[in-house]
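Data first, discussion second: the structure below is written as structure tokens.
All values below were derived from every heavy atom in this structure, side-chain atoms included, with hydrogens, water molecules and symmetry-related copies excluded. Computed from a predicted model, the values in this text were never measured in an experiment.
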Amino acid sequence: MQQDNAKRRPDLRNIAIIAHVDHGKTTLVDAMLKQTGAFHDKTGEEAICIMDSNDLEKERGITILSKNTSVRYKNNTIHIVDTPGHADFGSEVERVLRMVDGVLLLVDALDGPMPQTRFVLKKSLALGLRPIVVINKVDRLNCDPHAALDKVFALFMELGASDSQLDFPVVYAVGRDGWASADYHHPAKDLSYLFETIMKHVPGPLDLDDQPLRLLVTMLDYSSYTGRIGVGRIVQGKIASGQQVSMGQPGTEPKTRKVMQLMGYKGLERVVIKEARSGEIVAVAGLEGIEVGDTVSDPENPGVLPGLEIEQPTLSMEFYANDSPFSGREGKFVTATQLRDRLYKEQQINVGLKVEEIPGEGGFKVSGRGELHLSILIETMRREGFELCVSKMVVITHVENGVTVEPVEMLLLDSPAEFQGAVMNGLGARGAQLKNMTVGEDGRVRFEYVISSKALIGFKSEFMTFTKGSGLMHHSFHGFLPEGNFNRPKRNGVFIAKEAGKSAAYALNSLQDHGIMFVGAGEDIYLGQIVGEHCRANDLVTNPCKEKKQTNMRSSTSDMSIALTPHRQMSLEQAIEYVEEDEFVEVTPKSLRLRKKILDHSLRKRADRDSEVYED
């Protein structure tokens with residue numbers, strides 16, 4: 001259907017920007033938008049990372065959702081897709097690459113290509129996309145752009161790039177300052193060289209306007225007015241607003257729908273258009289029941305394009321409505337019905353997510369692509385005003401050819417050489433397999449391990465402790481292997497509150513000698529809340545609200561103020577990693593609390609006794 005000698009559109013280019021986390025991808029796109037007049041900052045201040053549109057993306061400095069935007073350059077349209085750089089959002093990346101004809105591979109001049117660069121580059125080379133290598137941040141201290149370029153070339157060779165892909169153009173740039181040139185010794189005034197390179201080396205889409213309509217849906221969006229919105233590229237033909245279309249996937253019956261609204265991209269805005277031609281990326285509203293991988297086609301000449309393979313989830317958690325005594329204090333949405341509606345709405349647009357109701361318990365099993373994928377969802381819901389309880393993460397296994405297999409990850413670590421022993425020791429205890437180890441000229445060691453997803457849970461905080469905060473850690477999905485016999489080391493027991501009240505410094509002072517506290521003085525506590533970690537393996541029911549008895553006797557030391565050790569405050573990811581099977585993380589807009597699933601101590605003991613009898 002698509003021949004290379006067919007006529008191509010000279011006025012349109014579709015490109016994706018792929019890079020590792022924090023290599024300046026979003027910043028470069030912002031500079032491209034500003035220089036082409038697509039974005040004007042009305043406040044007169046410099047805006048940073050326009051493309052990172054939600055608060056979480058700005059805070060973490062990572063791209064989570066793929067963004068579409070387009071810029072005009074000399075009467076040509078360059079359509080840019082900014083892709084996530086983290087493996088947990090890898091399913092987003094793969095789908096985006098189906099919409100474009102070329103990629104900008106962005107590499108940090110100091111770090112060189114990193115693990116995530118490898119993951120996305122492998123996908124793009126397999127699809128036959130034309131790469132342009134941009135060596136970014138060439139103004140960094142001690143950077144070596146030539147060494148970075150050599151590493152990129154070696155990576156291309158390793159991934160089996162074709163001869164035409166190996167003959168890639170190179171652009172040197174500083175995205176923050178908004179310039180690009182052919183020689184990093186001679187900075188330019190703007191990004192013109194980059195735009196010209198894109199126009200010259202990325203092929204335009206095939207001009208197939210006279211063919212029957214075929215549009216492949218690669219992303220979904222949702223609007224409360226128009227319902228599901230399918231975003232994709234028109235492979236051939238034309239589409240117009242109000243047109244009758246057929247939609248379906250390979251092996252399914254086609255359904256006829258009407259295009260209610262057709263939208264294109266202009267700068268950062270999504271604008272309503274009447275008609276679109278082959279090669280353009282559009283958003284189509286009104287196609288009820290549309291899914292990722294569907295082909296929208298001409299009803300008189302229906303057809304389907306090869307579908308998209310969505311990677312299966314690897315981790316699951318249970319979500320419940322918050323039933324603690326403090327429920328409703330901080331959040332706006334506290335019922336199970338509101339929680340269900342929100343999760344099913346998320347499933348509409350978040351393709352890597354799977355939501356199932358747990359029969360008879362009023363909870364939901366939510367499966368995702370990784371720890372970050374699920375924690376981003378919880379954090380987003382928390383900021384929207386939801387209160388919920390979430391359980392421990394569980395790795396999803398399945399049976400292949402009669403053998404139980406579990407997901408394994410490719411783990412890449414970078415740490416100073418003096419911590420090499422501690423890191424290898426920690427990973428050895430988790431059953432990881434060392435695949436490669438190199439010592440760099442800068443005195444840092446790079447490790448490559450294959451490790452099961454189960455063993456990786458909770459390793460990040462341990463790794464940061466080993467390397468005193470100086471280590472770098474990246475992991476991406478590697479595949480499925482037969483289930484190992486790794487069991488996480490049993491953590492210590494916990495202090496459980498015996499009654500509700502306000503925590504007292506007097507009680508905490510005596511407790512802190514026997515463990516680590518999770519609460520400070522003067523905080524509201526409820527029955528069954530976890531208030532600290534015991535120094536031994538058993539759980540201990542304590543009373544953190546106990547006040548000092550008042551007497552008429554006075555002594556010179558009794559009125560001295562009590563000095564409490566600062567309590568441990570956990571992030572959401574740390575809390576999720578910490579809890580055991582019989583515990584919940586209570587998530588509210590302002591607080592994170594750890595608690596037992598059964599709050600009452602006597603009921604909890606009875607449940608433990610019953611489970612022991614059942615096991616026997």
Side-chain angles (χ1 to χ4, degrees), residues 19-23 85-88 90 105 107-123 125 140 142-161 314 370-372 395 406-489 577:
H20 192 81
V21 176
D22 201 31
H23 275 199
H86 196 283
D88 285 10
L105 177 66
V107 176
D108 189 300
L110 182 64
D111 297 339
M114 297 285 270
Q116 204 57 46
T117 316
R118 179 195 190 96
F119 168 76
V120 189
L121 181 62
K122 189 176 179 181
K123 306 277 183 194
L125 292 177
R140 281 184 73 177
N142 300 329
C143 72
D144 188 346
H146 283 305
L149 185 58
D150 290 343
K151 288 177 188 172
V152 171
F153 192 80
L155 182 60
F156 270 70
M157 294 283 286
E158 194 182 324
L159 297 177
T314 56
E371 193 181 330
L372 185 66
V395 171
E406 64 176 351
V408 293
E409 313 245 349
M410 175 63 81
L411 174 67
L412 293 107
L413 304 169
D414 188 312
S415 85
E418 67 256 36
F419 307 122
Q420 177 182 335
V423 172
M424 293 182 79
N425 216 11
L427 282 164
R430 289 173 179 264
Q433 297 174 3
L434 180 65
K435 294 294 178 187
N436 193 15
M437 187 178 97
T438 54
V439 181
E441 293 173 7
D442 53 357
R444 294 180 72 89
V445 184
R446 283 196 179 185
F447 306 92
E448 283 184 33
Y449 276 93
V450 171
I451 183 170
S452 76
S453 299
K454 189 196 298 179
L456 197 55
I457 295 172
F459 177 68
K460 188 169 185 181
S461 52
E462 200 176 291
F463 176 64
M464 286 303 167
T465 308
F466 289 153
T467 60
K468 300 184 180 175
S470 61
L472 297 171
M473 170 178 161
H474 314 284
H475 55 93
S476 58
F477 179 67
H478 184 61
F480 288 93
L481 288 176
E483 190 174 21
N485 54 4
F486 170 77
N487 290 310
R488 276 177 70 190
E577 288 173 358

message = List the residues meeting salt bridge (charged side-chain N to carboxylate O under 4.0 Å, His left out) with E462, not counting sequence neighbours, and say none if there are none.
response =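 For E462, the residues satisfying salt bridge (charged side-chain N to carboxylate O under 4.0 Å, His left out) (neighbours in sequence not counted) are R430.
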How long is the span from the [atom1] atom in [X] to the [atom2] atom in [Y], to the nearest 0.5 Å?
X    : Y    : atom1 : atom2 : answer
L427 : L411 : CG    : CG    : 6.0 Å
L481 : I451 : CG    : CD1   : 12.5 Å
K122 : E158 : NZ    : CD    : 9.5 Å

**Q.** Validation row: L412, M410 side chains within 4.5 angstrom (heavy atoms)
**A.**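 In contact.
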Determine whether R140 and D111 make a side-chain contact, defined as any pair of heavy atoms from C-beta on separated by less than 4.5 Å.
->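 R140 reaches D111 side chain to side chain.
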Taking every non-hydrogen atom, the tightest pair across [X] and [Y]:
X    : Y    : value
P113 : L155 : CB-CD2, 3.7 Å
C143 : L110 : CA-CD1, 3.7 Å
A148 : G112 : CB-CA, 4.2 Å
G471 : M464 : O-CE, 3.4 Å

| Main-chain N/O of V395 paired to S453 side chain as donor or acceptor, under 3.5 Å |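 Flag not set: sc S453 to bb V395 has no pair under 3.5 Å.
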**Prompt:** Is the NZ atom of K460 crowded by more than 12 outside heavy atoms at less than 6.0 Å?
**Reply:**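 12 or below, so no.
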Keeping to residues at least two apart or across chains, list the side-chain hydrogen bond (donor to acceptor under 3.5 Å, both in side chains) pairs with something in residues 410-429.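 Counting only pairs at least two positions apart or across chains, the side-chain hydrogen bond (donor to acceptor under 3.5 Å, both in side chains) contacts touching residues 410-429 are D414-R444, D414-R446.
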request  = Just do the side-chain contact (heavy atoms from CB on, under 4.5 Å) check on V423 and V445 with the steps written out, would you?
outcome  = CA-CA 11 Å; V423 172; V445 184; over 6 Å; no
Does anything in residues 466-475 pair up under salt bridge (charged side-chain N to carboxylate O under 4.0 Å, His left out), and if so which pairs, sequence neighbours excluded?
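Checked against salt bridge (charged side-chain N to carboxylate O under 4.0 Å, His left out) - neighbours excluded - no pair reaches residues 466-475.
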The criterion is side chain to side chain contact (heavy atoms under 4.5 Å, CB included); which residues satisfy it with E483, sequence neighbours excluded?
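Counting only residues at least two positions away or on another chain, E483 forms a side chain to side chain contact (heavy atoms under 4.5 Å, CB included) with T397, T404, E406, K454.
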- Task: List for me each residue that meets side chain to side chain contact (heavy atoms under 4.5 Å, CB included) alongside D150, sequence neighbours excluded, and say none if there are none.
- Result: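 Result, side chain to side chain contact (heavy atoms under 4.5 Å, CB included) vs D150: none returned.
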Notebook entry, point to check: Can you list every pair that meets ring pair (Phe, Tyr, Trp, His ring centres under 6.0 Å) and has a residue in residues 418-462, with sequence neighbours left out?
Noted result: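 Ring pair (Phe, Tyr, Trp, His ring centres under 6.0 Å) check on residues 418-462 returns F459-F463.
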